[in-house]
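Notes for the one structure printed next.
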Amino acid sequence: MRTAKIAWFGLAVLFISGCSGESEYDYAVPSEVCRVNIPASEIKPLLRPGKVIKETFREIGLRSGEHHSCDLVVDKKQDVSISVSRQTGELDIAEKAADKYVNLNRVSVSSGVTSAAVGDDGAVAWMKCKPKAGQPQYEFPEAKQGEYSHLALEVRTESESDGVKNSGQRRAEIESFLRAYVPALMKDWCS
């Protein structure tokens, strides 16, 4: 009888720990996001706990290094989506993207960033960026027209569905990620 009680207790502990495992990160939080190295501590708050994380990466356009996007998927649910694209001129992305994000407000990020904003569900940034040697220099390389001079960054996050985090905390986490990601991105993409 004592063996049965111990076995039952063991099953109860397994069941309870299985339920509490929902709030644990059973995967390694990446320190490289969309081919840009950042501290794992900056991306972790934007990711849900779970068992498996997967990144999908897509080059968009004809030439590598002009535009790409990637998604971070936790347990088959998209958590973070990032898009980076080379641009030929100046744009106030904070103004242009205002209707695409919830409560988008301007922020100051770092030098070289001409426009940036953070919302409850993501962030945007427009930065000066002359491509490095060996990277695409022109939108139309055959005619050497449309010289790339800027980068656009768009970050989308899933809204907190469990209600634990308030929008102020979520925005602070997104802004912290943006502040870490932009300089690392510019280091990789800009001369």
Side-chain angles (χ1 to χ4, degrees), residues 25 27-40 42-89 91 93-94 96-102 104 109 112-113 115-142 145-159 161 173-191:
Y25 292 79
Y27 57 84
V29 176
S31 58
E32 181 180 278
V33 177
C34 219
R35 299 188 178 167
V36 173
N37 290 316
I38 61 161
E42 294 295 341
I43 189 65
K44 184 177 181 178
L46 304 184
L47 300 171
R48 73 184 82 221
K51 299 211 177 290
V52 178
I53 188 168
K54 180 181 175 189
E55 179 180 290
T56 60
F57 182 88
R58 295 173 302 286
E59 287 278 356
I60 301 169
L62 300 175
R63 292 171 295 281
S64 177
E66 284 186 313
H67 182 182
H68 70 244
S69 70
C70 67
D71 300 317
L72 294 174
V73 178
V74 175
D75 294 343
K76 299 182 181 181
K77 294 178 184 173
Q78 183 175 323
D79 268 15
V80 178
S81 179
I82 296 174
S83 174
V84 178
S85 61
R86 294 204 182 273
Q87 301 294 325
T88 59
L91 177 79
I93 198 165
K96 283 288 190 185
D99 62 339
K100 296 179 183 176
Y101 292 83
V102 176
L104 195 65
V109 176
V113 177
S115 176
V118 173
D120 294 349
D121 56 350
V124 293
W126 196 271
M127 58 214 88
K128 292 179 182 177
C129 179
K130 183 171 171 53
K132 290 181 176 184
Q135 294 177 339
Q137 303 290 316
Y138 298 95
E139 186 175 12
F140 305 104
E142 311 77 35
Q145 291 182 341
E147 186 173 8
Y148 289 128
S149 59
H150 290 77
L151 276 183
L153 170 66
E154 296 181 59
V155 179
R156 283 271 185 205
T157 64
E158 285 298 309
S159 301
S161 56
E173 292 165 349
I174 294 168
E175 185 172 341
S176 181
F177 172 78
L178 187 68
R179 288 180 187 283
Y181 198 80
V182 164
L185 176 66
M186 289 177 76
K187 181 181 173 190
D188 289 351
W189 282 58
C190 310
S191 62

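The first residue of the sequence shown is numbered 1, and numbering continues consecutively from there. Note that the coordinates shown come from a computational prediction; the quantities given were computed from them, not determined experimentally.
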What heavy-atom pair brings [X] and [Y] nearest, and what distance separates the two atoms?
X    : Y    : value
I174 : A123 : CG2-CB, 3.8 Å
G119 : L104 : N-CD1, 3.6 Å
Y27  : P49  : CE2-C, 4.3 Å
L178 : V118 : CD2-CG2, 4.0 Å
D99  : K96  : OD1-O, 3.6 Å
T88  : Y148 : CG2-CD2, 4.0 Å

[X] side chain near [Y] side chain, heavy-atom distance below 4.5 Å:
X    : Y    : value
E158 : K77  : no
M186 : K128 : no
I53  : Y25  : no

Is [X] reaching over with its side chain to a backbone N or O of [Y], donor-acceptor style, under 3.5 angstrom?
X    : Y    : answer
D79  : L72  : no
R86  : Y138 : no
S83  : S69  : no
D71  : Q78  : no
Y181 : V155 : no
E55  : C34  : yes

So, taking the atom named [atom1] in [X] and the one named [atom2] in [Y], what distance separates them when rounded to the nearest 0.5 Å?
X    : Y    : atom1 : atom2 : result
L151 : L185 : CG    : CG    : 5.5 Å
E66  : Q135 : CD    : CD    : 11.0 Å
S81  : E154 : OG    : CD    : 9.0 Å
W126 : H150 : CH2   : NE2   : 7.5 Å
D188 : C129 : CG    : SG    : 10.0 Å
I43  : E32  : CD1   : CD    : 12.0 Å

message = Under 4.0 Å between a side-chain nitrogen and a carboxylate oxygen: does that hold for E42 and R179?
response = no
ask   = Does CZ belonging to R63 count more than 12 external heavy atoms closer than 6.0 Å?
value = yes
ask   = Has K132 got more than 12 heavy atoms of other residues, nucleotides or ligands less than 6.0 Å from its NZ?
value = yes
